[in-house]
**Q** 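Below is one structure. I have some questions about it.
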Amino acid sequence: MKKTTHKTTPLKSVTPSGKRDESFFEAVYDIVRQIPKGRVTSYGAIAAALGAKSSSRMVGWAMNNAHVLKNVPAHRVVNRNGLLTGKMHFAYPEQMQELLEKEGITIKEDQVQDFSKRFWDPLQELGL
DNA sequence: CGCGTGACGGCAC
DNA sequence: GGTGCCGCCACGC
């Protein structure tokens with residue numbers, strides 16, 4: 001796809017109503033909600049499922065906005081190392097680990113154990 | 001408009 | 001296998 005010749009608002013389209021295009025956010029939330037209990041995925045995997053794998057940072061940015069919507073299990077999203085990098089953004093840092101352990105996931109030093117087995121790839125699982 | 005920052009990831013060393 | 005640097009895109013100053 002060709003991008004705009006001007007560097008202004010490459011991805012951030014503005015809807016006629018004047019608000020920012022939240023389609024990216026909604027898409028992220030939609031995938032996160034589909035993460036099975038007891039499984040985790042990575043920001044990059046979600047970004048890849050959205051066709052913007054190089055924008056994995058935007059996924060994390062979207063999650064920061066997601067705390068408003070309680071329907072999004074953001075605790076099931078970790079970085080590609082299986083590290084709970086986003087724990088500081090929860091109500092309290094330990095909450096992320098508590099929620100994961102409550103789902104049967106073992107965590108050691110903010111690190112998801114058996115990450116490769118716990119990993120849930122939206123691209124593969126959703127058949128994309 | 002430039003610069004620094006960030007819930008990231010890939011690659012070089 | 002770990003560490004560091006760079007690229008990525010959006011945001012705040």
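Naming convention: chains lettered A, B, ... in sequence-line order (proteins, then strands); numbering from 1 in each chain.
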**Q** Determine the interatomic distance between P on C:dC5 and the same-named atom on B:dG4; round to the nearest Å.
**A** 16 Å
**Q** Tell me whether the OP1 or OP2 atom of B:dG9 has a side-chain N or O from A:S42 closer than 4.0 Å.
**A** yes
**Q** What is the separation between atom CD on A:E109 and atom P on C:dG2, rounded to the nearest whole Å?
**A** 14 Å
**Q** A:Q111 CD to C:dG1 C1': how many Å, rounded?
**A** 13 Å
**Q** For A:R80, is the CZ atom crowded, meaning more than 12 foreign heavy atoms sit under 6.0 Å from it?
**A** no
**Q** Can you find a donor-acceptor N/O pair under 3.5 angstrom joining the side chain of A:R57 to the base of C:dC9?
**A** no
**Q** Of all the choices, B:dA7, C:dA10, B:dG9, which nucleotide is nearest to the side chain of A:M58 once you look at every atom?
**A** C:dA10
**Q** How many Å lie between CZ on A:F24 and C1' on B:dA7, as a whole number?
**A** 13 Å
**Q** Take the protein atom CG of A:N81 and the nucleotide atom P of B:dC11, then report the distance between them rounded to whole Å.
**A** 14 Å
**Q** Please report the shortest heavy-atom distance between A:D121 and A:A45, naming the atom on each side.
**A** OD1-CB, 4.2 Å
**Q** Using atom C1' of each nucleotide, how far apart are C:dC13 and B:dA7 to the nearest Å?
**A** 22 Å
**Q** Taking any heavy-atom pair under 4.0 Å as a contact, classify A:N64: base, sugar-phosphate, or nothing.
**A** base
**Q** Taking the minimum atom-to-atom distance to the side chain of A:W61, which one of C:dC9, B:dC8, C:dA10 wins?
**A** C:dA10
**Q** Look at the side-chain N and O atoms of A:T85 and state whether any lies under 4.0 Å from the OP1 or OP2 oxygen of B:dC8.
**A** yes
**Q** Who else is in the cluster with A:F119 when I, L, V, M, F, W and Y are joined by side-chain contacts under 4.5 Å?
**A** A:V40, A:V78, A:L84, A:F90, A:M96, A:L100, A:I105, A:I107, A:V112, A:F115
**Q** Rounded to whole angstrom, note down the P distance from B:dC3 over to C:dC6.
**A** 16 Å
**Q** Return the value, rounded to whole Å, for the distance between atom CG of A:L100 and atom P of B:dA7.
**A** 18 Å
**Q** To the nearest angstrom, how far is A:K53 atom NZ from C:dC9 atom P?
**A** 11 Å
**Q** Can you give me the closest heavy-atom contact between A:G44 and A:S56, atom names plus distance?
**A** CA-CB, 3.9 Å
**Q** Just checking A:A66: base, sugar-phosphate only, or nothing, at a heavy-atom cut-off of under 4.0 Å?
**A** nothing
**Q** Please name the pair of heavy atoms, one in A:M63 and one in A:A74, separated by the smallest distance, quoted to 0.1 Å.
**A** CE-CB, 3.3 Å
**Q** Could you state the CZ-P distance from A:R80 to C:dG2, rounded to the nearest angstrom?
**A** 10 Å
**Q** Using the 3.5 Å cut-off, write out each protein N or O paired with an N or O of nucleotides 3-5 of chain C and the distance between them.
**A**
none

**Q** Measure the distance from CD1 on A:I46 to P on C:dC9 and round it to the nearest whole Å.
**A** 18 Å
**Q** Looking only at heavy atoms, which two atoms of A:F25 and A:N65 are closest? And how far apart?
**A** CE2-ND2, 3.4 Å
**Q** Does A:V59 belong to the same Ile/Leu/Val/Met/Phe/Trp/Tyr cluster as A:L83, with side-chain heavy atoms less than 4.5 Å apart forming each link?
**A** no
**Q** Among the candidates B:dA7, B:dG10, B:dC8, find the nucleotide nearest to the side-chain atoms of A:M63.
**A** B:dA7
**Q** Give me the atom names and distance for the closest heavy-atom approach of A:A62 to A:F24.
**A** CB-CE2, 4.5 Å
